[in-house]
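Everything below concerns the one structure shown next.
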Amino acid sequence: MTNDLSRHLAAIQEEMTSRPKGLQEHTRRVAKEAIALAAFWDVDPARVELASWIHDLFRHLPREEQLRQAREVGIEPTPDDEVDPIVLHGPSAARAARYRFGISDDEVLQAVAAHTLGIPQMPQVAKILLLADKVEPAKRKKRPAMKAIRKLARRDLDLALLCWSDWSWYQARENRWVMHPESWQARDAWVREHHIDRGGPLSIAGAAVEYDN
Ligand SMILES: [Fe+2]
Ligand SMILES: [Fe+2]
C-alpha cells in the first residue's frame, strides 16, 4: 500500500470511530468482502479497502441531516433526491473524502458516490464496492437472494450487478417505492451492455433500441 493510501485509510478509519457501532461493523464487513472480491478479479485491494471505509461515512444521518450535509459539501439535492435523501450519503461521502481528506483517486470516489444507485459506466472498484456492500454477511442473512448474487460476482461482475439491479427493481415494485431515475438509468445501460455482450436483441422496457454488430 502506498504512503498516501495508508495515510488516507488511517484518517477515514479514525473518522469512523465517531460513527454508530453498527455502521462501523457493517463497514468492516464490507471492506473484508470487497478485499476478497478484489483479489479474485485482480483489482488493487488497497483502493477497494479505502472506498469501503469511505462509502458510509454519512449513512447514519437522518433525512433532514442528509440534505444539510449534501449542501455543506457543495451538492444541491434534486427533487428526486429529496424524495429519499438517504441516496445522498454516497455522493456526500465522496465529496468530503476529496475536499476534507484530500483523496484524489477518481475511481475510488466514483465508487463511493455510486454505491447506492449505480452509474452507467462503473469502474471495477465501483462494481466491487457496490456488490460487497449488498452481499456482506449480515445482508445475506437478511436477504437470501444476495447469496446467489455473491456467487455470481465471482463468475461475472457485470451480470451480478445486473441481477442485483433487477432484484432492487422488483423490491421497489413490490413495496411501491419510487425508484430514483439515476438507478433506472444505470440499469438501462447495464441491460444494453449485457445484450450487446450476448449478441441478443436490444429490446427493453418495450422500446426497441439499435445496436451495431
Ligand atoms: Fe451506503
Ligand atoms: Fe454500506
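In each ligand, atom 1 is the first atom listed, and ligand 1 is the first ligand listed. The analysis underlying the following values was restricted to heavy atoms, covering all of them including side chains, and did not include hydrogens, waters or symmetry mates.
Checked options L61, D81, D84; the residue passing with Q66 is L61 (criterion: side-chain contact (heavy atoms from CB on, under 4.5 Å)). Each of Q110, R59, H89 was compared with H115 under the side-chain contact (heavy atoms from CB on, under 4.5 Å) criterion, and only H89 meets it.
The N, O or S atom of D133 lying closest to the Fe ion (ligand 2) is OD1. Closest N/O/S atom of H26 to the Fe ion (ligand 2): NE2.
A salt bridge links E82 with R71; the closest basic N to acidic carboxylate O contact falls under 4.0 Å.
Around the Fe ion (ligand 1), the two atoms OD1 of D56 and NE2 of H115 are separated by an angle of 100°, to 10 degrees.
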Give the C-alpha distance, both sets of side-chain angles, the deciding distance and a yes or no for salt bridge (Lys or Arg N to Asp or Glu O under 4.0 Å) between R47 and D44.
-> CA-CA 6 Å; R47 295 172 70 218; D44 182 355; 5.0 Å; no
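Here H89 meets the criterion, with an N, O or S atom under 2.8 Å of the Fe ion (ligand 1).
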